[in-house]
Amino acid sequence: NLTGAVPLDTALSVPNIAATLAVVFTVGRAQSLLKVFLDRAFMSLDQIDPVKGWREEEEALTKVTTTSQLLEHGSEMLSKAAGTDRASIHRLDPTAERTVVAKRLECDRQPLLLSALARQRDHETDHAIIRELAEGGWELALGIYQDEELAGVVYLAERLSGRIYTEEEQRSLEFLVSRFSKALENASLYTEVANRDIYNQTLLDNLVSGVIAVDWEGEVTVINPEARRILGGVAAEAPVVLPKPMQDLLGQLLAKNVEVHNLEMDLSDGESGSDSRPVRAGGAPLHDKEGDQIGALLVIHDISEERRLEK
């Protein structure tokens, strides 16, 4: 025997064999449990939770109004949900040429995973899609659909953990994108209305005529800068008190539901008779879509210069 070696009969004794097997099986079991634990730990850190993502999305989208804000917030939410540091949302221009990625999503409506396409390469189109995704640094592309039509594309970069997007996670992301699509549609409508309001306000502010609108109770709801000037320079933040001739005219419009054209009136100070402000006015009642009267509109022109030239 070598010095320090255990005798063969002792090494092969039943207690030693049992102890050795116990250690082997215990270590093996521990390694297996450790592997399961680590897998689950990483999954819990990395797995996409569609319900949580949807709740966060709903909370964030309530604070969003315009399309540009929504696209910015949407990219942040989707990148966070996917566990990546980069996401991009591209809205499609109906008049522009479709990219190969957009064309595929338009036809198949299935997510495009770069790693899966690279393994298959079933068709020449796949090579073009792979090239487009790779050049942009994207791992996954999903379609944004509105009224069954492709309205945009969501691009997601590779995940920070290095894990691939599983089919289940792709479905979860599709769910989040479908929710985002509804918000995008609403934001587009809001932006369109807001732009129209800006256009109308700009038009109103630059009219050479004074415009005044009142509600059913005769309260001023709209007044442009020219009307404020004609009324004597009423400040923008100040409440508007209309001269009595105008109040009487608007009262007739509201009560009789008739139109008035080219009516001349003097807006001078009733007590002193000074500061003569002759105007020519026209007005009409305002109605809603159902035909119910909701107020009246008055358009006034300053004719002081005309009167001065006549004299």
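All figures in this text were calculated on a predicted structure; none of them were measured in a lab. Positions are given from 1 along the sequence.
- Val100 and Leu133 fall within a single hydrophobic cluster, where Ile, Leu, Val, Met, Phe, Trp and Tyr side chains are chained together by heavy-atom contacts under 4.5 Å.
- Between the side chain of Arg277 and the main chain of Ile230, a donor-acceptor pair closer than 3.5 Å is present.
- Asn257 has its side chain within reach of His287: a pair of non-hydrogen atoms, C-beta onward, lies under 4.5 Å apart.
- For Arg109, the salt bridge (Lys or Arg N to Asp or Glu O under 4.0 Å) partners are Glu148, not counting sequence neighbours.
- In this structure, the separation between CD on Gln293 and CG on Asp215 is 11.0 Å, given to the nearest 0.5 Å.
- Using a distance-only test at 3.5 Å, with no hydrogens or angles considered, a donor-acceptor pair links the side chain of Asn206 to the main chain of Thr202.
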**Asked** Stepwise, does the side chain to side chain contact (heavy atoms under 4.5 Å, CB included) test hold for Leu78 with Ile89?
**Response** CA-CA 9 Å; Leu78 290 171; Ile89 302 172; 4.1 Å; yes

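- Taking each heavy atom of Ala87 and Ser75 in turn, the nearest pair found is CB-O, 3.6 Å.
- Looking at Glu158 and Leu140, their side chains never come closer than 4.5 Å, going by heavy atoms from C-beta outward.
- Proximity of Pro285 to Val258: side-chain heavy atoms (C-beta onward) are nowhere separated by under 4.5 Å.
- Clustering ILVMFWY residues whenever any of their side-chain heavy atoms sit less than 4.5 angstrom apart, transitively, puts Leu297 in a cluster other than the one holding Leu267.
- Partners of Ser209 by side-chain contact (heavy atoms from CB on, under 4.5 Å), not counting sequence neighbours, listed by chain and number: Val299, His301.
- Qualifying ring-ring contact (aromatic ring centres under 6.0 Å, His included) partners for His90, counting only residues two or more places apart in sequence or in other chains: Tyr155.
- Note that the CD atom of Gln110 and the CG atom of Leu142 stand 10.0 Å from one another [nearest 0.5 Å].
- Taken from CG in Leu117 to CD1 in Ile130, the straight-line distance is 5.5 Å, to the nearest 0.5 Å.
- Surrounding CG of Asp93 are more than 12 heavy atoms belonging to other residues, nucleotides or ligands, all under 6.0 Å away.
- Residue Gly136 comes nearest to Arg86 through the heavy atom pair O-NH2, 3.0 Å, listed as atom of the first residue, atom of the second, then distance.
- Side chains of Val153 and Ile144 form no contact here, defined as non-hydrogen atoms less than 4.5 Å apart.
- For the 3.5 Å distance criterion, the side chains of Glu139 and Ser115 qualify, holding a donor opposite an acceptor.
- With sequence neighbours left out, Arg229 forms a salt bridge (Lys or Arg N to Asp or Glu O under 4.0 Å) with Glu226, Asp302.
- Two different hydrophobic clusters hold Trp216 and Leu286 under the rule that ILVMFWY side chains link at heavy-atom gaps under 4.5 Å.
- Arg159 places a side-chain N or O within donor-acceptor distance of the main-chain N or O of Ala82, the cut-off being under 3.5 Å.
- The two residues Ala81 and Leu176 make their nearest non-hydrogen contact at CB-CD1, 3.8 Å.
- Note that the SG atom of Cys107 and the CZ atom of Arg98 stand 10.5 Å from one another [nearest 0.5 Å].
- Residues Leu204 and Val214 do not share a hydrophobic cluster, defined by chaining ILVMFWY side chains whose heavy atoms lie under 4.5 Å apart.
- One distance of note links CD of Glu97 with CG of Leu92; it measures 11.5 Å at 0.5 Å rounding.
- Side-chain N/O atoms of Ser172 and Glu169 include no donor and acceptor closer than 3.5 Å.
- Residue Glu264 qualifies as enclosed at atom CD: its count of foreign heavy atoms under 6.0 Å is above 12.
- Between Arg280 and Glu306 there is a side-chain heavy-atom pair separated by less than 4.5 Å.
- In terms of heavy-atom proximity, Leu156 sits nearest to Trp138 at C-CE3, 3.6 Å.
- Closest approach of Ile212 to Ala227, counting heavy atoms only: CG1-CB, 3.8 Å.
- Val211 is not connected to Met265 by any chain of hydrophobic side-chain contacts under 4.5 Å among Ile, Leu, Val, Met, Phe, Trp and Tyr, and they are in different clusters.
- Taking 4.0 Å as the cut-off between side-chain N and carboxylate O, Lys103 and Glu106 do not count as a salt-bridged pair.
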Can you give the donor-acceptor pairs under 3.5 Å from side chains of residues 246-255 to other protein atoms, not counting sequence neighbours?
residue	atom	partner	partner atom	Å
Gln247	NE2	Leu242	O	2.4
Asp248	OD1	Lys244	NZ	3.4
Asp248	OD2	Lys244	NZ	3.0

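- The structure places CG of Leu114 at 11.0 Å from CD of Glu132, a figure rounded to the nearest 0.5 Å.
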**Message:** Would Ile223 and Leu231 count as a side chain to side chain contact (heavy atoms under 4.5 Å, CB included) here? Give the steps.
**Reply:** CA-CA 11 Å; Ile223 180 168; Leu231 293 178; 3.8 Å; yes

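- Closest non-hydrogen pair, Tyr145 versus Leu105, comes out as OH-O, 2.7 Å.
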**Prompt:** Can you list the steps and then say if Arg171 with Glu168 is a salt bridge (charged side-chain N to carboxylate O under 4.0 Å, His left out)?
**Reply:** CA-CA 5 Å; Arg171 299 288 88 78; Glu168 181 181 353; over 6 Å; no

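- Ile129 has its side chain out of reach of Thr99: every pair of non-hydrogen atoms, C-beta onward, lies at least 4.5 Å apart.
- With sequence neighbours excluded, no residue forms a side chain to side chain donor-acceptor pair (under 3.5 Å) with Asn224.
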